[in-house]
Every structure is written in C-alpha cells, then in structure tokens.
Asks: 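I have a structure here, written as structure tokens, and I will follow up with some questions on it.
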Amino acid sequence: MTATPIVVIQHHLNLTGQNVLTFVSWALTIILLAVTIEMGRRERSPFYVLVVLAAMAGAFAEALYDVAFSLYFYSTHGMQTFYTAFDIPQPVWTHSGYAVLYALPAVLITYRIRRGLLTPRALYAWAGVEFGMSCVFEMTGINIGTYTYWGPHVLRVFHYPLVIGVLEAAQTICFAVAASQLRQRVTSRWGLLGLFALFPATFFGANFGAGSAVIIAIHAAHVSQVAVYLCTVLSIVFAVTLVRFAAAFVPGSELAAAAGRGVPSGRHQASSPPRTTVERHPA
C-alpha cells in the first residue's frame, strides 16, 4: 500500500469549505429522507427510504475506497470527523454525501423502473447525469480545499480524475438496477433489508472491479505515465460495459432486444411462458 505523502497529510483544511459541504449536503439529505418517506407512504413500502439509508450506511466503508484511489480528506485543526481508518479521517459529510451523490439518482431511477417509464437506452442518459453530478460535487469539494486525489492520476479536470466520475456512474446504475430487481423478487418487506448488503456489493464491485486497472496503475512501483493512461482508459471502458450489462436487466430490455433482431413483438410474447397470478404483499 502506498503511503499518503506527508505534504498531503499536512495540507491545510479549508474550514469554510468543510462547512459548505457539511451543511448543504446534510440539508439535502434531510429533504431527500422526507421525500422518500412520503413516497413510501404512498406506495406502502419502505423501499425508497431504505435505498437512502443503505447508501448512508455504506459510507462507513469509505476508507477502503480512499486507500484504493488515493483520496485523502484534509485533517488539520478544526476537522469535523466521525472516525479514522487506515490513517484517513472521515468527515461528517461523507454519509450525507453518499445520500446526495448515490442514493438520490438511485431513488429516481428505481422510481421510473417501478412505473415502467425507464427504457434500457435511457439508462445511459442517467449514467451521464450521475457522471455530471459526480463532477460537480467532487470538483467543488476538491477546489474549496477539503480533500484531494493524490498520486499519478491522469485525465484530470480541475484536479479531479474523470475516471472516478465514470466509475461512480457505473456503480450507481448497477445499484439502482439491482435494487429494483431485489424489490421485484422479495416476498416481504424484510427482504428489502438486503439493500444494506447490496449497496457495498455494487459499490465496491464496480469501483474495485472495473477500476482495478487504474487502482493497480496508480499504486504500482516505477509505473510510466503511459501505463497509467492506458489503465485509466481501460477502467473507463470496463465501467461503460457495466452500464451496458445493467441495461439488460431493465424491464423491457428483452422486448427491445427482440425488436432490434427483427422479431415481431407478438411472436416474442407468444414464446414467453404464460404468467400466473400470485398474491404478494407490496414491497
């Protein structure tokens, strides 16, 4: 494991920037929780609020991500922190940040999937939205002096490695689609607690899986910048591929694929097994 440079550890924390991220993100999180509670009341399901809480709980493992991608939260005097792991203090806004950056788009995506309003092709647009949100959120956090991605990262814009945004888009899309699949298949509300295991599984599965190439490159000894560029592009390709795979699990993707192959919808439906009515409690 590459040690965080002392110059990064001793970098001054902008307390005003910390306050901005803390108060704004927690205010948005409170609003999001209120909205999802109301959505759950209307649908008689705790699903949406559990999506938010699962993402917030997943932030307790943020330190693993920090080590892998060389992220360090500035921790000089005045830092407001919950805990420290791997010598990386975790600020109080990580949990609210996860809610805003990951849970919010996941709630919107799952809501549209539930109502049959999301096509597989539209999922790419949502990935673009998440990428844009990631860029805005992280470029702000970096440039107001609250944290940094150190090391030989390439393809940076305003000091932000763009590969991070692509990977975050892929993991959010995977979580949203997987959460929708979970909701469709559970037989009771208790089954929705699986979201708390599903979020870290998709979060680290996408970031550490698709991002494995860039993780190895930025931590490898005597690595060339060309190698870092190639591995960064490879991780971006892997992340886009993940979104493509996730789109195949959006309801309606089979019909769209059949139409693309020139199979009439009637014929495709005729080949499907007959549906049986099963009484289930809403999840």
Asks: Spell out, as yes or no, whether a donor-acceptor pair under 3.5 Å connects the side chain of H219 to the backbone of A68.
Replies: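 Looks like yes, one N/O pair under 3.5 Å.
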Asks: Please walk me through it: do F73 and W93 pass ring-ring contact (aromatic ring centres under 6.0 Å, His included)?
Replies: CA-CA 11 Å; F73 297 103; W93 53 264; 5.5 Å; yes
Asks: Tell me whether F245 is reachable from F204 by hopping between hydrophobic residues (I, L, V, M, F, W, Y) whose side-chain heavy atoms are closer than 4.5 Å.
Replies: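 No: no chain of side-chain contacts under 4.5 Å links F204 to F245.
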Asks: Any link between L167 and V157 through a network of hydrophobic side chains (Ile, Leu, Val, Met, Phe, Trp, Tyr) touching at under 4.5 Å?
Replies: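 Yes, because L167 and V157 connect within a single hydrophobic cluster, where side-chain heavy atoms sit under 4.5 Å apart.
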Asks: Mind running side chain to side chain contact (heavy atoms under 4.5 Å, CB included) on V223 and V228 for me, showing each step along the way?
Replies: CA-CA 7 Å; V223 66; V228 177; 4.0 Å; yes
Asks: Looking only at atom types and distance, does a side-chain atom of T119 sit under 3.5 Å from a main-chain N or O of A122, one as donor and one as acceptor?
Replies: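 A pair under 3.5 Å: yes.
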Asks: Test of understanding: clusters of I, L, V, M, F, W, Y form through side-chain heavy atoms closer than 4.5 Å, transitively. Do I236 and V214 belong to the same one?
Replies: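 Same cluster: I236 reaches V214 through Ile, Leu, Val, Met, Phe, Trp or Tyr contacts under 4.5 Å.
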Asks: Is the side chain of T76 donor-acceptor paired with the backbone N or O of L13 at a distance under 3.5 Å, no angle test?
Replies: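 Yes; at least one donor-acceptor contact below 3.5 Å.
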Asks: Walk me through whether F131 and C135 qualify under side chain to side chain contact (heavy atoms under 4.5 Å, CB included).
Replies: CA-CA 6 Å; F131 174 75; C135 288; 3.6 Å; yes
Asks: Quick one: do the R156 and Y160 side chains pair a donor with an acceptor below 3.5 Å?
Replies: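 Y160 and R156 do not have a side-chain donor-acceptor pair below 3.5 Å.
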Asks: Transitively linked via ILVMFWY side-chain contacts under 4.5 Å: L53 with I31?
Replies: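 Same cluster: L53 reaches I31 through Ile, Leu, Val, Met, Phe, Trp or Tyr contacts under 4.5 Å.
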Asks: Step through the shown structure and confirm whether more than 12 heavy atoms of other residues, nucleotides or ligands are within 6.0 Å of CG on N143.
Replies: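 Yes.
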Asks: Would Y74 and Y147 count as a close aromatic pair, with their ring centres under 6.0 Å?
Replies: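 Not under 6.0 Å, so no.
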Asks: Apply the test side chain to side chain contact (heavy atoms under 4.5 Å, CB included) to residues I144 and T16: give CA-CA distance (whole Å), side-chain angles for both, the deciding distance (0.1 Å), then the verdict.
Replies: CA-CA 8 Å; I144 62 177; T16 301; over 6 Å; no
Asks: Taking all heavy atoms of T172 and all of P105, pick out the closest pair and write down the distance.
Replies: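 Looks like CG2-CG, 3.9 Å.
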Asks: Could you state the interatomic distance from CG (L71) to OH (Y149), rounded to the nearest 0.5 Å?
Replies: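 Interatomic distance, L71 CG to Y149 OH, rounded to 0.5 Å: 4.5 Å.
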Asks: Which heavy atom in I113 sits nearest to a heavy atom in S180, and how many Å separate them?
Replies: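 That would be CD1-OG, 3.6 Å.
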Asks: Between Y102 and E130, do the side chains contain a donor N or O and an acceptor N or O under 3.5 Å apart?
Replies: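 E130 vs Y102: no donor-acceptor pair found between side chains.
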Asks: Would you compute the distance between atom CZ of F69 and atom CH2 of W150 and round it to the nearest 0.5 angstrom?
Replies: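 Answer rounded to 0.5 Å: 13.0 Å.
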Asks: Please give me the minimum heavy-atom distance between A55 and A103, naming the atom from each residue.
Replies: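 Result for this residue pair: CB-CB, 3.8 Å.
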Asks: Drop me the distance from L32's CG to M56's CE, to the nearest 0.5 angstrom.
Replies: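 Result: 9.0 Å between the selected atoms.
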Asks: Check the pair V67, I88 against side chain to side chain contact (heavy atoms under 4.5 Å, CB included), reporting the backbone distance first and the verdict last.
Replies: CA-CA 8 Å; V67 171; I88 304 175; 4.0 Å; yes
Asks: Please determine, by modelled atom types, if S134 and E168 share a side-chain donor-acceptor pair under 3.5 angstrom.
Replies: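 S134 vs E168: donor-acceptor pair found between side chains.
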Asks: Heavy-atom count around F82 CZ within 6.0 Å, excluding the residue itself: above 12?
Replies: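 Yes - once you tally the heavy atoms of other residues, nucleotides and ligands closer than 6.0 Å, there are more than 12.
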Asks: Side chains of Y48 and R42: any donor to acceptor distance under 3.5 Å?
Replies: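 Absent: no donor and acceptor within the cut-off.
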Asks: For the pair R114 (side chain) and I109 (backbone), establish whether a donor and an acceptor sit closer than 3.5 Å, ignoring hydrogens and angles.
Replies: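 No: the side chain of R114 does not pair with the backbone of I109.
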Asks: Between W126 and L118 (side chain of the first, backbone of the second, donor and acceptor by atom type, cut-off under 3.5 Å), is there such a pair?
Replies: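 Not at all, since once roles are kept as given, no pair shorter than 3.5 Å links the two residues.
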Asks: If only atom types and distance count, is the side chain of T94 paired as donor or acceptor with the main-chain N or O of Q90 below 3.5 Å?
Replies: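 No, T94 side chain to Q90 backbone: no donor-acceptor pair under 3.5 Å.
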Asks: Taking atom CZ of F158 as the centre, report whether more than 12 heavy atoms of other residues, nucleotides or ligands fall under 6.0 Å from it.
Replies: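 For F158, atom CZ is not crowded (no more than 12 foreign heavy atoms under 6.0 Å).
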Asks: Is it the case that atom CZ in R121 sees more than 12 heavy atoms from other parts of the structure closer than 6.0 Å?
Replies: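 No, the 6.0 Å shell around CZ holds no more than 12 heavy atoms from other groups.
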Asks: Would Y98 and F203 count as a close aromatic pair, with their ring centres under 6.0 Å?
Replies: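 Judged by ring-centre distance (under 6.0 Å), Y98 and F203 do meet the cut-off.
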Asks: How many angstroms lie between atom CD of Q171 and atom CD1 of I173, to the nearest 0.5 angstrom?
Replies: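 Reported to 0.5 Å precision, the distance equals 9.5 Å.
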Asks: If you round to the nearest 0.5 Å, how far is CD of Q80 from CD of Q18?
Replies: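 It comes to 4.0 Å.
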Asks: Kindly indicate whether the side chain of D66, heavy atoms from C-beta on, has any atom under 4.5 Å from the side chain of E62.
Replies: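 Result yes, sub-4.5 Å side-chain heavy-atom pair found.
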Asks: If you compare all heavy atoms of L198 against all heavy atoms of A179, which two are closest, and at what distance to 0.1 Å?
Replies: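 Closest heavy-atom pair between L198 and A179: CD2-N, 3.5 Å.
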Asks: Taking side chain as C-beta onward, heavy atoms only, is H11 less than 4.5 Å from T148?
Replies: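 Side chain of H11 against side chain of T148, heavy atoms only: no contact under 4.5 Å found.
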Asks: Ignoring hydrogens and angles, tell me if any N or O in the side chain of T202 forms a donor-acceptor pair with the backbone of F199 under 3.5 Å.
Replies: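 Here the side-chain-to-backbone pair exists.
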Asks: Please determine, by modelled atom types, if T29 and S96 share a side-chain donor-acceptor pair under 3.5 angstrom.
Replies: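 T29 vs S96: no donor-acceptor pair found between side chains.
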Asks: Check whether T36 reaches the backbone of L33 with its side chain - one donor and one acceptor, N or O, closer than 3.5 Å.
Replies: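 Checking the backbone N and O of L33 against the side chain of T36, a donor-acceptor pair under 3.5 Å is found.
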Asks: Should the heavy atoms of other residues, nucleotides or ligands under 6.0 Å from CD1 of I216 be counted, would the total exceed 12?
Replies: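 No.
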Asks: Do you reckon I215 sits in the same ILVMFWY cluster as L230, going by side-chain contacts under 4.5 Å, direct or chained?
Replies: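 Per the 4.5 Å side-chain linkage, I215 and L230 are not co-clustered.
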Asks: Any chance OH of Y111 has more than 12 other-residue heavy atoms, nucleotides or ligands included, within less than 6.0 Å?
Replies: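 No - once you tally the heavy atoms of other residues, nucleotides and ligands closer than 6.0 Å, there are 12 at most.
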Asks: Taking all atoms of both residues into account, what is the closest heavy-atom pair of A239 and V166, and its distance?
Replies: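 The pair with the smallest heavy-atom distance is CB-CG1, 3.6 Å.
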Asks: To the closest 0.5 Å, what do you measure between CG (L155) and OG1 (T232)?
Replies: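 If I round to the nearest 0.5 Å, the distance is 6.0 Å.
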Asks: Verify whether the ring centers belonging to F60 and H95 lie closer than 6.0 Å.
Replies: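 Ring-ring flag for F60/H95: true, centres closer than 6.0 Å.
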Asks: Between A85 and A63, what is the shortest heavy-atom contact and its length?
Replies: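 The pair with the smallest heavy-atom distance is CB-CB, 3.7 Å.
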